[in-house]
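This is a predicted model, so every value here is computed, not measured. Starting from 1, each residue takes its place in the sequence as its number.
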Amino acid sequence: MKEYMKKHRSKIILELIFILLAILFVLPFVSHGFIPAGDDLGYHFDRVIEIADNFKHGNFFPQMYTYTFYRFGYLLNSFYPWLTIVPFAIFKNIFSNQVIAFAWGFGLYIFIGLNITYHVSNKLFKNKVQSFFTALIYIFSGYLLTDGYSRFAFGEFIAMIFIPACFYGFYAVLFGNKKDWPYLAFGMSAIMLSHVLSTFIVTMTFAILFVVLFHWINDRKERIKRLAFAIGVFITSSAIFLLPFVQQELYQKFAQPSPMPLSGPNFGDNIISALNSNNGDNLGFIIISVLILGLIFWKALNKLEKSCYVIGTIVLAFTTSLFPWTMLTNTFLDVIQFTFRFDMVITILYAVVAGKIVRVVLDKIFAKNNDRIKKSLVSVGALLIILVPWLGDVTNILNYQMAGTPEQYRFTKSYKIFTDQNGLWMDQYTPEKGQSALGGVTERLAIVDGNQVQLHSKDIKSLPNGLKFTGNLVDSAKSVILPTYNYKNIHVYRNGKQIKWSPNSQDLIQVDSGSGPITVKYVLSFVDWLAIILSFATWIIALVMYVRRKRITE
């Protein structure tokens, strides 16, 4: 043990620092005693509760929401990636205090993000100082803070943790060590299993870069072959979400989720807002300062770092009113909703440049002084320059929420299901034909033998991937239109026997035979099982190959 500790001393110290930084990230909301109440908090909070409740009942592939989201059988997990929030569900089942449970989840991902960003940066630059500060600046950036504290954009927050891996993988496939194509494959897969829109934005960015940079790609045949490998492995490793999603989309028509006309902010206002930090609700001071510092330190940057600066600056301009976004209204790009989502791309590119700038400054200071104590003090000073503004922004955000959010609406230590229908956006993945019935469905309105009735909540029992409708009204009825929707793979049972059913004109489940309680269940199809097997097999094979290669190199 002593030999191991001695041999890996620097690595152990680095991991301890990353643990402390992960604790620092969650410490503000733990000390305030509530989870940051961003716009999407209730939506994602109920997702965590749903998965946690399914796990308690032994169901590890939850698709139909029957414990939350008004308990009407909303098939959210077939449309919104859910695998990467599993750690939060596990911690929710371990800890009775939900603030502590979410702190563990956030802390885990911050720790993973620091390690990923440091690792891929070190592969590129072979410099531990530069890699450390690149990781620090990226993870403690304004936009990641926005996703975690201001907006509580859960899926996007987790997706950002894996963006450095796929950006490195993309570079490696086209210009670097093409054998590192798995970074692109599994990095993109992790993003897909977190957030579809982030996957779309990153894919679009890579597609544009591929076309623009194609002329400078050497050994094209081999590199494009590795790119094809990466795409194939991305599909198989993401199949656990992709195939069920495609299965539902092909089954019937769904409206585009929350389309919004695209528009970018004024360029100057965007820069000033970021320089002022604006409670962290943007790129933040450190990242946006690269716009100026990158020019000052231009000669010190290598070719890759200069490319990151140029591309990042183009994307920055692209997100503002300098680009004619209104021309793209009513196109497929409306799905992006907000141009500031591209800040995730700017953040990783500018973090690379910022890491180099910090390295250059420290090298100049260290060259004039070899005293270890002074070097340590300077390094700590650089650390504080990055972390103190971040901590100030977090404190401002939480204090603002404490002043503006009544205590009864804060998500404190006790668990509670979110009930604001507007904040759950249940129309997003409701069948298009059934949109007009959504209000009645959430009110548990059924048509029993031709008469509209409201079912009592106690007569609807939640099951893993299922709902059981019972009570005198349902049990004795010959014809029932239930307040739950038709999706692919829905099976209906009456008195324990599977029966035929049909969707009505509003895509609600209609039963016209038998008597007794009615159970509606989502039953895994061949496609679902194939998706599970493909993904698990891909990830397990990759893990085994990684461990074997690691042993050989050591």
Side-chain angles (χ1 to χ4, degrees), residues 43-94 101 105 154-155 158-159 186 189-196 199 233-252 254 417 426 428-431 461-468 484-493 498 509 519-543:
Y43 180 81
H44 293 297
F45 193 82
D46 276 13
R47 294 175 64 218
V48 171
I49 292 176
E50 184 72 32
I51 294 169
D53 285 349
N54 272 269
F55 283 6
K56 281 181 182 178
H57 291 88
N59 177 33
F60 299 102
F61 193 74
Q63 296 294 289
M64 178 185 282
Y65 276 44
T66 57
Y67 297 96
T68 58
F69 283 78
Y70 282 78
R71 301 194 308 131
F72 67 83
Y74 191 39
L75 211 70
L76 182 56
N77 278 0
S78 289
F79 299 93
Y80 200 115
W82 59 278
L83 263 295
T84 50
I85 65 170
V86 165
F88 289 88
I90 292 172
F91 290 131
K92 188 263 180 190
N93 283 338
I94 294 174
F154 215 27
I158 298 173
F186 289 102
S189 179
I191 294 174
M192 173 57 83
L193 297 176
S194 305
H195 194 231
V196 172
T199 310
V233 171
F234 158 71
I235 292 171
T236 58
S237 59
S238 307
I240 194 167
F241 168 73
L242 280 175
L243 293 188
F245 172 75
V246 172
Q247 180 180 221
Q248 295 297 332
E249 288 286 346
L250 293 176
Y251 178 66
Q252 61 187 323
F254 294 88
I417 293 174
M426 292 176 291
Q428 290 185 338
Y429 307 114
T430 294
K461 183 180 179 182
S462 299
L463 307 169
N465 275 343
L467 290 168
K468 184 176 182 179
T484 186
Y485 285 103
N486 162 42
Y487 292 100
K488 180 73 172 176
N489 302 330
I490 293 296
H491 290 216
V492 179
Y493 305 83
Q498 187 172 351
I509 291 175
T519 300
V520 177
K521 292 200 73 174
Y522 180 90
V523 178
L524 271 65
S525 66
F526 170 79
V527 171
D528 291 326
W529 283 112
L530 177 63
I532 294 168
I533 293 168
L534 273 175
S535 287
F536 273 92
T538 304
W539 284 91
I540 290 170
I541 291 170
L543 182 61

Heavy-atom closest pair (Tyr65 atom, Asp46 atom, distance to 0.1 Å) is CE2-O, 4.4 Å
Mind checking what makes side chain to side chain donor-acceptor pair (under 3.5 Å) contact with Asn486, not counting sequence neighbours?
Tyr251, Asp507
Closest contact, heavy atoms only, Leu76 versus Tyr429:
CD1-CD1, 3.5 Å
Closest heavy-atom contact between Phe186 and Ser237?
CE2-CB, 4.0 Å
Compare all side-chain heavy atoms of Asp528 with those of Val523 and state whether any distance is below 4.5 angstrom.
no
Identify every side-chain donor-acceptor pair in residues 82-94 under 3.5 Å, counting partners at least two apart or on other chains, and give the distances.
unit_1	atom_1	unit_2	atom_2	d
Thr84	OG1	Leu193	O	3.1
Thr84	OG1	Ser194	OG	3.1
Asn93	ND2	Ala52	O	3.1

From CD1 (Ile49) to CG (Asn54), nearest 0.5 Å:
12.5 Å
Between Thr66 and Arg71, a side-chain donor and acceptor under 3.5 Å:
no
May I have all residue pairs that pass side-chain hydrogen bond (donor to acceptor under 3.5 Å, both in side chains) and include part of residues 529-540, sequence neighbours excluded?
Thr236-Thr538
Atom of Leu534, atom of Ala239 and distance for their closest heavy-atom approach
CB-CB, 4.1 Å
Output the distance between atom OH (Tyr522) and atom CG (Asn59), rounded to the nearest 0.5 Å.
11.0 Å
On a heavy-atom basis, which atom in Pro464 and which in His57 lie closest, and how many Å separate them?
CG-CB, 3.4 Å
Output, in order, the C-alpha distance, side-chain angles, deciding distance and verdict of side chain to side chain contact (heavy atoms under 4.5 Å, CB included) for Val520 and Tyr493.
CA-CA 6 Å; Val520 177; Tyr493 305 83; over 6 Å; no
Less than 4.5 Å apart, any side-chain heavy atom of Gln248 and any of Leu75?
yes
State whether a side-chain donor-acceptor pair under 3.5 Å links Asn489 with Gln63.
no
Sorted by chain and number, sequence neighbours left out, side chain to side chain contact (heavy atoms under 4.5 Å, CB included) with Val246 holds for Leu250
Does Phe60 have its ring centroid less than 6.0 Å away from the ring centroid of Phe55?
yes
Do Thr519 and Lys521 have side chains that get closer than 4.5 Å, going by heavy atoms?
yes
With a 6.0 Å cut-off on the ring centroids, do Phe72 and Tyr74 count as close?
yes
Inter-residue atom distance Gln247.CD - Tyr487.OH, 0.5 Å rounding
13.5 Å
Of all residues at least two apart in sequence or in a different chain, which pass the side chain to side chain donor-acceptor pair (under 3.5 Å) check with Thr430?
none
State, with a plain yes or no, whether a side-chain heavy atom of Met192 is found less than 4.5 Å away from one of Leu242.
yes
Value rounded to 0.5 Å, distance of CZ in Phe69 from CE in Met64
14.5 Å
Is Gln498 reaching over with its side chain to a backbone N or O of His491, donor-acceptor style, under 3.5 angstrom?
no
Contact summary for Leu467 and Ser462, nearest pair of heavy atoms:
CD2-CA, 4.2 Å
Calculate, to the nearest 0.5 Å, the distance between atoms CD1 and OG1 belonging to Ile417 and Thr68 respectively.
6.5 Å
Roughly how far, to the nearest 0.5 Å, is the OH atom of Tyr43 from the CZ atom of Phe45?
15.5 Å
Return yes if a side-chain donor-acceptor contact under 3.5 Å exists between Asn77 and Glu50, otherwise no.
no
With Glu249 via side chain to side chain contact (heavy atoms under 4.5 Å, CB included) - residues at least two apart:
Phe79, Phe245, Phe254
